[in-house]
Structures are given as C-alpha cells and as structure tokens.
Amino acid sequence: MLHRVIYASEAVGATGLSTLSVAQILGVSEGHNRRDHVTGCLMIHQGHILQALEGARVDLDRLMRRLVADPRHTGLKVLVDVPIAERRLHDPMCLCGDPATLLEKIQLPCISLLTANDVEVLLDLKAA
Ligand SMILES: Cc1cc2nc3c(=O)[nH]c(=O)nc-3n(C[C@H](O)[C@H](O)[C@H](O)COP(=O)(O)O)c2cc1C
C-alpha cells in the first residue's frame, strides 16, 4: 500500500537561500529516494519549505524520522498523510522551479498559509 505525506517546514540558515545547500539536499535525496522507491517534490519559497513524498509506509516513516531530526529546517508540520491508489509524483526528487507562480494560481502568497486541501490542488496543478 502506497502513502502520500506532505509536510511544511521553515528553512534554517542558508537552506532556503543558497543554491549550493539546496543542491546538496537534492543530491542526497535523489539517491536515497531511488533506493527506497520514494518519489518526491520539494518547493522552497521565501524560507518556507513544502515537500510531497510518496512511497511505502515503512520507507516514508524512516524518511520522516530523518527529516524531523535534520537541523537545516524546523517546525515540521504534516499537512497530508493518506493512503493512495497510485503515485502522482514519478521522480525520486524534483524541485519546483517556479513556486511563486504556482502559489499565485491558488491565490496564496505564502507556503505557511497552505491547508491540506490547497496542497492537493497544488499537486494537481503541478501535474497539469
Ligand atoms: C528540506 C529537506 C528535504 C529533504 N528531503 C529528503 C528526501 O526526500 N530524501 C532523503 O533521503 N533525504 C532528504 N533530506 C535529507 C535528510 O533530512 C537527511 O539529512 C538524509 O536523508 C540523511 O542521509 P544519510 O543518513 O545518508 O546522511 C532532506 C532534507 C531537507 C532539509
């Protein structure tokens, strides 16, 4: 059984700003997620982080434990945790290239204001 977990958090230090730090996260995540059959997408906007992850429960739980312990972000809040029939994310890890435009489409200025329903709509928009 597959699950989808979507969480929001706040970047600490350079995570939200430096291309290098984001590239480091993407590099490690890509390798681990491929190994664990996890697919994911990361959005970073003005220091706020939103990440959607799909995979088997045991793999997601293990990843969430690593994420909660990661000092590069804080205040991790799970917005969505649901069983899914099929994946909407197909790459081990992707970075949302234009978060401002996506947020504009749902008329929200900031990731921190997103509800569970908003993030599902965002996933639909991303897939469209
Ligand atoms: C915003 C953010 C997103 C991350 N996403 C993932 C991810 O999708 N997969 C992953 O394995 N690690 C991810 N990480 C890194 C993990 O928190 C952790 O550092 C890493 O998995 C540990 O790998 P290691 O045990 O090989 O050192 C992310 C970190 C941050 C700050």
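Both counts, for ligands and for their atoms, begin at 1 and track the order of listing.
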Where ligand 1 meets Leu63 - atom numbers and elements under 4.0 angstrom, heavy-atom basis
7 (C), 8 (O), 9 (N), 10 (C), 11 (O), 12 (N)

Salt bridge or not between Arg65 and Asp61? Use side-chain N to carboxylate O under 4.0 Å.
no

Between Asp81 and Arg4, does any NZ, NE, NH1 or NH2 come within less than 4.0 Å of an OD or OE carboxylate oxygen?
no

Under 3.5 Å: N/O of Tyr7 near N/O of ligand 1:
no

Ionic contact status for Glu54 with Arg87, cut-off 4.0 Å
no

Suppose clustering is done on Ile, Leu, Val, Met, Phe, Trp and Tyr with side-chain heavy atoms closer than 4.5 Å. Which residues sit in the same group as Met1?
none

Option nearest atom 23 (O) of ligand 1 (shortest heavy-atom distance, choices Arg66, Arg34, Gln24, His32):
His32

Going by the order shown, which atoms of ligand 1 are within less than 4.0 Å of some heavy atom of Leu53?
8 (O)

Arg72-ligand 1 polar pair, N/O distance under 3.5 Å
yes

Ligand 1-proximal atoms of Val38, by part, heavy-atom distance under 4.0 Å:
neither

List every atom of ligand 1 that sits less than 4.0 Å from any heavy atom of Ile25, numbering the atoms from 1 in the order shown and giving each element.
2 (C), 3 (C), 4 (C), 28 (C), 29 (C), 30 (C), 31 (C)

Knowing that exactly one of Lys77, His48, His73 qualifies, which makes a side-chain contact (heavy atoms from CB on, under 4.5 Å) with Glu10?
His48

Mark up the atoms of ligand 1 that fall under 4.0 Å of a heavy atom belonging to Asn33, in ascending order.
7 (C), 8 (O), 9 (N), 10 (C), 11 (O)

From the list Leu60, Val58, Leu53, Asp59, side-chain contact (heavy atoms from CB on, under 4.5 Å) partner of His3 resolves to Leu60

